[in-house]
Structure formats: structure tokens, C-alpha cells
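Only one structure is covered here, and it is reproduced in the block below.
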Amino acid sequence: MNLVLLGPPGAGKGTIAGIVREKLGIPHISTGDLFRAAIKNETPLGLKVKEILASGELVPDSVTVDMVKERIAQSDCKNGMILDGFPRTVYQADELAKMVKIDHVINFSLSEESVVKRLSGRRMCVSTGKIYHIIYNPPKVEGKDDDTGEPLIQRDDDKEDAIRNRLKVYQESTEPLITYYKEKGLLRTIDASAAPDAVAESFLTALNL
Ligand code: ADP
């Protein structure tokens, strides 16, 4: 099963994908995580995209599409995947349609006010990708990953100016995908304002699981 997660930054796509991926038995592919790993490892791709991510702008389509093509050619994707953060533009959606058949698109619906609250309190472990929130989902030990004990970071793009820019970019470039997938009959919208376990349940219900 090939799934696409749509919705504004901070809607909880990565958190929910982390909860449901074992049940579904397919990998979670987050383009944001792939870019952050490249930045951390200082690869040529990482050096190219570092400033773009920090500002909240989008990485050029061609760079993103090439990275996704390479990732989904790996053997763990043969039974499907959960795509999170891709596609983010109509161009990317058209390119994706040439690579795999999308079964469902789940649209995470959340108000702008909640987005800002969630993102400004978000912390994450760069190596495991696990996401926390200082109030809603704190780690067991402050500032440390529950599994590895590594220090948690605040993403550069979770600072206020970048958050506002990401919302603008989302509205201009990504929101049109809601209509794009609705017209293809693939879209299901869920309320992303509840706690993670409840959103995960609505997610599975939307897939009839
Ligand atoms: P968010 O919390 O905004 O959903 P992500 O972790 O998905 O964040 O992405 C972080 C950043 O990585 C984006 O702001 C953008 O710069 C870049 N990025 C991720 N996916 C894409 C994409 N499909 N196209 C272009 N840029 C992307």
C-alpha cells in the first residue's frame, strides 16, 4: 500500500507515521528526515540544502524528486511506503504518479494557531527521528531521547520566523494538492487536533483498518 500524508507543517504527520508504520509493515519515508540526515552527515546534498531548510523554503523540485526516486528504489519499499513531506508541489505529485501508484492520500487538518503552538515546542532526536513536544509529549528525561539518551534539538526551521515562512510556503505550494488528490478520488481528511493515539486511530479508520 502506497500512502501519502498531506497537511501543514506541525500537523503530526511524522508522529503518526511513527506510530502506524509497524502495524502497516511499510517504511516511513520523510523527505525532511532525509534532508536532515544529509545535512548532519555533510554530504554534497546536505551542503546544498542546509540554508534552504533553515529558511523554511522548499528544496528545488529536481533535487527532491531525484532523492525520492533513489530512496523508493530500495528493497524495503517493495510492499509500499508512507510518504511524509512528499509531494509538496503539483510538479512533484505528477512525478510521483510516474513512479508508483498511490492508493490513499490522508490529509491532516489543523488550524494555523495549533500549528504554531506545536512547532514552537517541538524537539527531536536527529539520529532516530523521534519527535517530542516540551508540553504535549515530553521525553522521560528533559532534553534527552528516551531510547538513546542523545540530546534533543530544536530544528532551525522551528523558530518563529521560519515557522511563518513555512506556513506561507505550505499555503502557496502544497495546499493545491488537496484539490489535486480530491479530484483523483484519493483524498481522506482526518482531524489532526487530538492526541497522537487518537489521531493514529482516525488514520487507520480512514484506511478501513
Ligand atoms: P515540516 O515539519 O514542515 O512538515 P519536513 O521535515 O517535512 O517539515 O521538511 C523540512 C524542510 O525540508 C522543508 O521546509 C523543506 O525545506 C524541505 N523539504 C522537505 N520535503 C520537501 C519536498 N518534498 N520538496 C521540497 N522541499 C522539501
Side-chain angles (χ1 to χ4, degrees), residues 3-18 28-40 43 45-72 81-100 102 105-110 112 114-133 136-137 152-178 180-181 192 196 199:
L3 303 176
V4 166
L5 312 189
L6 261 191
K13 303 182 294 292
T15 300
I16 301 309
H28 167 213
I29 298 177
S30 156
T31 42
D33 285 350
L34 293 172
F35 286 131
R36 282 185 289 277
I39 292 170
K40 184 168 177 244
T43 67
L45 172 68
L47 296 174
K48 191 171 355 179
V49 303
K50 189 169 188 219
E51 294 302 314
I52 303 177
L53 261 83
S55 70
E57 291 295 318
L58 293 185
V59 172
D61 279 338
S62 58
V63 176
T64 307
V65 167
D66 284 351
M67 178 182 75
V68 170
K69 247 188 214 156
E70 201 179 305
R71 177 63 189 89
I72 71 183
M81 64 200 84
I82 307 173
L83 286 168
D84 164 11
F86 184 90
R88 249 183 167 90
T89 63
V90 170
Y91 177 86
Q92 292 179 9
D94 286 336
E95 288 300 307
L96 177 63
K98 296 178 200 162
M99 296 180 224
V100 289
I102 297 301
V105 177
I106 307 291
N107 177 35
F108 286 60
S109 159
L110 191 72
E112 190 169 324
S114 306
V115 164
V116 175
K117 266 194 206 144
R118 283 190 186 179
L119 291 179
S120 49
R122 174 158 77 176
R123 299 292 182 270
M124 76 177 296
C125 174
V126 179
S127 61
T128 67
K130 191 162 174 181
I131 300 162
Y132 301 85
H133 188 284
Y136 309 131
N137 179 27
L152 301 181
I153 59 129
Q154 180 176 33
R155 285 169 40 176
D156 284 342
D157 60 348
D158 281 345
K159 304 194 173 142
E160 194 160 335
D161 282 354
I163 291 176
R164 289 193 197 292
N165 196 30
R166 282 158 67 203
L167 277 168
K168 192 172 129 263
V169 170
Y170 170 74
Q171 282 155 4
E172 287 170 4
S173 304
T174 310
E175 225 166 35
L177 291 178
I178 294 178
Y180 177 99
Y181 283 121
V199 179

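In each ligand, atom 1 is the first atom listed, and ligand 1 is the first ligand listed. For reference, positions follow the sequence shown, starting with 1.
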Next item on the list: Show your working on salt bridge (Lys or Arg N to Asp or Glu O under 4.0 Å) between K159 and D156 and close with a plain yes or no.
Entry: CA-CA 6 Å; K159 304 194 173 142; D156 284 342; 3.7 Å; yes

Checklist line | Partners meeting side chain to side chain donor-acceptor pair (under 3.5 Å) with T174 (sequence neighbours left out) | finding: none

Notebook entry, point to check: Measuring from each atom of ligand 1, which residues have a heavy atom under 4.0 Å away?
Noted result: P9, K13, T31, G32, F35, R36, L53, E57, L58, V59, T64, G85, F86, R88, Q92, R122, R155, D157, R166

Notebook entry, point to check: Would you say Q171 has more than 12 foreign heavy atoms packed within less than 6.0 Å of its CD?
Noted result: yes

Note to self: Run the side chain to side chain donor-acceptor pair (under 3.5 Å) test against N137 and tell me which residues pass, sequence neighbours left out.
What the structure shows: none

Checklist line | Sub-4.5 Å side-chain heavy-atom contact between V4 and F86 | finding: no

Next item on the list: For Y136, check ring-ring contact (aromatic ring centres under 6.0 Å, His included) against everything at least two apart and list the hits.
Entry: H133

